[in-house]
Trainee: 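The structure follows.
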There are 2 protein chains.
Amino acid sequence: MPTQPKRRNTPQRQIILEKLCGTQSHPTASELYDIVKIQLPRISLGTVYRNLEVLANNGQIAKLDLAGGEARFDGTVSPHCHIRCTDCGIVRDLPAMNPREPDLTIGQTNGFLVSGFRMEYTGICANCQ
Amino acid sequence: MPTQPKRRNTPQRQIILEKLCGTQSHPTASELYDIVKIQLPRISLGTVYRNLEVLANNGQIAKLDLAGGEARFDGTVSPHCHIRCTDCGIVRDLPAMNPREPDLTIGQTNGFLVSGFRMEYTGICANCQ
DNA sequence: ATGGCTGCAAACAGTTTGCATGCCC
DNA sequence: GGGCATGCAAACTGTTTGCAGCCAT
């Protein structure tokens with residue numbers, strides 16, 4: 001198997017991780033770009049995307065590939081459900097909700113090897129009501 | 001409230017609906033475009049998108065806004081779960097699975113007005129294993 | 001000096017939209 | 001003729017990639 005490359009802990013990567021873990025919101029890549037740019041004005045959007053991918057592969061952050069186009073990112077890795085506003089798109093945690101365990105046998109009828117499952121609530125957030 | 005426009009039943013719209021309902025797969029817009037093009041060689045991709053939107057708003061088809069980029073469309077409207085191959089992206093029905101009823105109170109802590117929820121299994125399909 | 005990383009810009013994919021024209025009621 | 005629909009092409013959005021140069025090991 002291919003050994004993974006030795007990663008460096010660049011300021012860009014550090015600050016991206018720090019800002020993502022320091023927020024309750026689940027920012028998109030470009031929202032995060034705007035936040036990080038305050039401290040690193042010369043950072044590029046491409047770097048944000050590249051680092052988010054590295055961090056997600058590392059298991060340090062979670063990529064939320066929910067409905068509605070843009071991917072969002074979550075500094076909290078432990079599994080929990082989300083609720084998404086169908087109007088403005090913001091995503092919040094549902095901490096009280098513990099997701100049902102995936103039923104790994106469910107894919108057998110289709111020949112699938114089940115690896116996971118996702119649950120997502122949708123609704124209208126307080127702001128948009 | 002705005003009255004909705006009087007829709008016409010054009011051949012394009014008819015055949016898109018017919019082809020979508022006649023398949024078990026959950027085609028993307030451009031996959032459907034390729035299928036419909038056999039019978040209507042001059043149809044445009046934009047028309048496919050526009051009609052899929054009209055049909056979805058009509059409740060005649062369902063738009064599956066799952067993870068993984070491309071939207072997919074489903075001629076079966078009754079609620080059921082899906083399993084998606086993380087490798088090739090194909091989507092299959094999970095007919096045995098009846099989705100848990102959405103818990104409408106779940107959003108109260110966040111001030112959300114819950115309108116629905118989605119469940120999606122992921123795995124590797126038989127072909128990609 | 002090797003190889004990961006950066007900023008920048010261009011490329012890319014999926015989707016939407018503007019426009020001139022066509023066709024049905 | 002009012003208005004929905006079409007084909008075409010251009011625009012737009014989110015994301016990825018190629019490249020030259022930089023910096024840590």
Side-chain angles (χ1 to χ4, degrees), chain A residues 2-18 20 26-58 60-73 84 88-91, chain B residues 2-20 26-58 60-61 63-73 84 88-91:
Chain A
T3 55
Q4 41 235 42
K6 184 92 188 64
R7 298 296 182 188
R8 269 174 224 160
N9 212 2
T10 62
Q12 287 87 340
R13 188 164 300 158
Q14 262 176 35
I15 292 181
I16 288 170
L17 179 58
E18 185 184 306
L20 182 55
H26 301 72
T28 63
S30 72
E31 282 168 0
L32 204 45
Y33 170 59
D34 288 335
I35 295 170
V36 170
K37 210 164 31 173
I38 297 171
Q39 269 161 64
L40 298 173
R42 293 189 51 82
I43 198 173
S44 78
L45 185 54
T47 298
V48 173
Y49 272 104
R50 277 185 282 229
N51 277 309
L52 286 171
E53 205 203 320
V54 170
L55 291 168
N57 288 341
N58 266 5
Q60 299 176 266
I61 66 171
K63 179 177 184 180
L64 306 183
D65 217 344
L66 307 180
E70 272 175 287
R72 291 176 173 271
F73 296 86
R84 183 177 54 89
C88 69
I90 72 155
V91 172
Chain B
T3 55
Q4 40 235 42
K6 185 92 189 66
R7 297 298 180 186
R8 269 172 226 162
N9 212 3
T10 62
Q12 288 87 339
R13 189 164 300 158
Q14 262 175 36
I15 291 181
I16 288 170
L17 179 59
E18 185 183 306
K19 292 299 171 194
L20 183 55
H26 300 73
T28 63
S30 72
E31 282 167 1
L32 204 46
Y33 170 59
D34 289 336
I35 295 169
V36 171
K37 211 166 28 175
I38 298 171
Q39 269 162 64
L40 298 173
R42 294 189 52 80
I43 198 173
S44 78
L45 185 54
T47 298
V48 174
Y49 272 104
R50 276 186 284 230
N51 277 310
L52 287 171
E53 204 202 323
V54 170
L55 291 168
N57 289 341
N58 266 5
Q60 298 176 268
I61 66 171
K63 180 177 184 181
L64 306 183
D65 216 344
L66 307 181
E70 271 174 287
R72 290 176 174 270
F73 296 86
R84 182 177 55 90
C88 69
I90 72 156
V91 173

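Each chain gets a letter, A, B and so on, in the order the sequences are listed, and its residues count up from 1.
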Trainee: For the side chain of B:Arg8 and the base of D:dC4, is some donor closer than 3.5 Å to an acceptor across the two?
Mentor: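 Indeed, a donor on one side and an acceptor on the other fall under 3.5 Å apart.
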
Trainee: Output, in order, the C-alpha distance, side-chain angles, deciding distance and verdict of salt bridge (Lys or Arg N to Asp or Glu O under 4.0 Å) for A:Glu53 and A:Lys63.
Mentor: CA-CA 8 Å; A:Glu53 205 203 320; A:Lys63 179 177 184 180; over 6 Å; no

Trainee: Please determine, for the side chain of A:Glu70, which listed nucleotide (C:dG7, C:dT15, D:dG14) has the closest atom?
Mentor: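 Within the option list, the nearest is D:dG14.
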
Trainee: What is the nucleic acid contact for A:Arg50, judged by heavy atoms within less than 4.0 Å: base, sugar-phosphate only, or nothing?
Mentor: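 Here A:Arg50 touches the bases of the nucleic acid.
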
Trainee: From D:dT6, C:dT15, C:dG7, pick the nucleotide closest to the side chain of B:Ala29?
Mentor: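 Nearest to the side chain of B:Ala29 among the choices is C:dT15.
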
Trainee: What pair of heavy atoms forms the shortest contact from B:Leu52 to B:Phe73, and how long is it?
Mentor: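 For B:Leu52 and B:Phe73, the tightest heavy-atom pair comes out as CD1-CE1, 3.6 Å.
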
Trainee: Map A:Lys6 and B:Leu45 onto DNA chain C by nearest heavy atom, then report which one ends up closer to the 5' terminus.
Mentor: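 The residue closer to the strand's 5' end, by nearest nucleotide, is A:Lys6.
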
Trainee: Would you give the length of the straight line joining atom CD of A:Glu70 to atom CG of A:Asp65, rounded to the nearest 0.5 angstrom?
Mentor: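 Answer rounded to 0.5 Å: 11.5 Å.
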
Trainee: State which of C:dT6, D:dG7, D:dT15 makes the closest approach to the side chain of A:Ala71.
Mentor: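 Within the option list, the nearest is D:dT15.
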
Trainee: Taking atom CD1 of A:Ile61 and atom NE2 of A:His26, what is their separation to the nearest 0.5 Å?
Mentor: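 NE2 of A:His26 is found 12.0 Å from CD1 of A:Ile61.
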
Trainee: Measure CZ/A:Arg42 against P/D:dC22 and give the value in whole Å, please.
Mentor: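 It works out to 12 Å between those atoms.
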
Trainee: I need the CZ-P distance between A:Arg13 and D:dC23, as an integer number of Å.
Mentor: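 In whole Å, D:dC23 P and A:Arg13 CZ are 17 Å from each other.
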
Trainee: Counting side-chain heavy atoms from CB outward, which of C:dT6, C:dC8, D:dC4 is closest to B:Arg7?
Mentor: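 Of the options given, the side chain of B:Arg7 lies nearest D:dC4.
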
